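Structure record follows, encoded as structure tokens.
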Amino acid sequence: MTATATAARTGAPAPEAKPAPPAGRRVLRAGGLLLGLALLAVVVLASIAVGAKAIPLDQVWHALFESTGTADERIVRELRLPRTALGVAAGAALGLAGAVMQSLTRNPLADPGLLGVNAGASAAVVTAISVLGITSFTGYLWFALAGAGVAAVLVNALGGSRAATPVRLALAGTAVNAALFGYVNGLQLTDLSALETMRHWSIGTLTGRRGDLLPTALPFLLAGAVLALAVARPLNAVALGEDTARSLGARLGRTRLLSIVAITLLSGAATAVCGPIGFIGLMIPHAVRAFCGPDNRWLFPYCAVFAPVLLLGSDIIGRVLVPPTEIEVGVVTAFFGGLLFIHLVRRRKVAQL
């Protein structure tokens, strides 16, 4: 029996229907997404043009679409284009993973880096390189995915599973992060032959990445993105509480499982490609909620568009800040992300959870 029929039978006033979002707001959201795509295109061009050797935009255009055989063309096609493409893919993956984690755990501090997922992938990759002698990307990609999944389950269990609070999850993630990165550092010190291979990767960087990495990781990234978008509506119900979610028809077990699989695929593949880059998944969801609201059906696409803008922008800053050397993108995002983390922790609403 519907709520309206029940109200008519008992004489109680019928509940008011929840109004649909006004058309103007939908237009604004769509416009913001288009603006994000335009901003992403600008940052992509800047990422290709800016570096130790600045290349004018007209030369970038010719290098992309015409075969001239010049030095600029080789720089664009062999170095900067693969680097930029990896930045777009990894940024979108980390932004989506962070948004899914925050929605699933209802924790404003959730992030693949803070909750140990990146650390799990890193520990598994370092083990594959140092202990098993695996040096091919295809080989240790599977280790990164497995490590990310194990770390996600472990942090959730230590944080109290269904009874977890934001603070308990953050503390569990901090403990797992410390333990796993201690293991990574110890393994690096005892295996000097693998130290150079792992040194740049373990910081989180786009420098020196080969163009063949993305096609190998892309199926995992796309699968994770599809799963993330598929659970957007059920996670909207989860945000209202478990009892309310069940009454709305959400299948909590399946939603949790698909969300964890999406986080594992997105974070594991991105970490395998670029190393552990933290705070992207923390910063972007907070930044875009002011424009798109809490609806995950809009939040997730916004994160997938604006997270690469932040990652590529940080990479550009790292290139030009102290020329002719470069600061790895993981260092730049950690600096800005640390400031945001302090701000979030000091907020009264978060601190009392």
Side-chain angles (χ1 to χ4, degrees), residues 93-121 147-177 180 224-225 227-246 248 250-268 270-271 278-289 293-297 299-300 302-304 307 337 340-341 343-345 347 349-353:
L94 294 173
L96 266 176
V100 174
M101 291 186 76
Q102 291 180 13
S103 299
L104 177 65
T105 62
R106 286 178 285 170
N107 181 359
L109 305 180
D111 166 78
L114 292 176
L115 296 190
V117 178
N118 287 352
V150 170
V153 173
L154 179 61
V155 169
N156 187 58
L158 292 176
S161 191
R162 294 185 180 182
T165 64
V167 171
R168 291 177 66 179
L169 282 172
L171 291 174
T174 301
V176 171
N177 263 323
L180 291 177
L227 285 177
L229 295 175
V231 297
R233 184 186 292 271
L235 285 176
N236 280 340
V238 171
L240 302 175
E242 293 189 359
D243 293 337
T244 303
R246 288 193 185 95
L248 293 174
R251 300 181 180 180
L252 297 183
R254 186 177 70 174
T255 300
R256 288 195 186 96
L257 177 61
L258 292 179
S259 298
I260 291 174
V261 172
I263 293 167
T264 300
L265 290 172
L266 292 168
S267 300
T271 302
F279 292 104
I280 294 290
L282 174 67
M283 290 187 281
I284 287 299
H286 287 283
V288 301
R289 279 193 188 96
D295 189 345
N296 292 320
R297 293 172 297 177
L299 178 66
F300 290 178
Y302 262 76
C303 289
L340 176 64
F341 184 73
H343 168 70
L344 292 176
V345 170
R347 286 172 58 185
K349 184 169 62 174
V350 175
Q352 290 178 346
L353 291 176

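If you're wondering where the values come from, they're calculated on a predicted model, not measured in any experiment.
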Just how far is it from atom [atom1] of [X] to atom [atom2] of [Y], taken to the nearest 0.5 Å?
X: N118; Y: I280; atom1: CG; atom2: CD1; value: 10.5 Å
X: L171; Y: L158; atom1: CG; atom2: CG; value: 11.0 Å
X: L299; Y: L235; atom1: CG; atom2: CG; value: 10.0 Å

Quick check: closest heavy atoms across [X] and [Y], and the distance to 0.1 Å?
X: N177; Y: A119; result: OD1-CB, 3.0 Å
X: M101; Y: D111; result: SD-C, 3.7 Å
X: V288; Y: C303; result: CG2-SG, 4.0 Å
X: G281; Y: P112; result: CA-CD, 4.3 Å
X: N296; Y: S103; result: OD1-OG, 2.9 Å
X: A225; Y: L266; result: N-CD2, 3.6 Å

Set of residues satisfying side-chain hydrogen bond (donor to acceptor under 3.5 Å, both in side chains) with respect to T264, sequence neighbours excluded: none
Does some side-chain heavy atom of L104 sit less than 4.5 Å from a side-chain heavy atom of I260?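 Answer yes - side chains close enough.
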Output yes when a side-chain donor or acceptor of N236 lies under 3.5 Å from a complementary backbone atom of D295, and no otherwise. no
Residue list, ring pair (Phe, Tyr, Trp, His ring centres under 6.0 Å) with Y302, at least two apart or on another chain: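 F306.
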Side-chain donor/acceptor pairs under 3.5 Å, residues 227-234, sequence neighbours excluded:
none

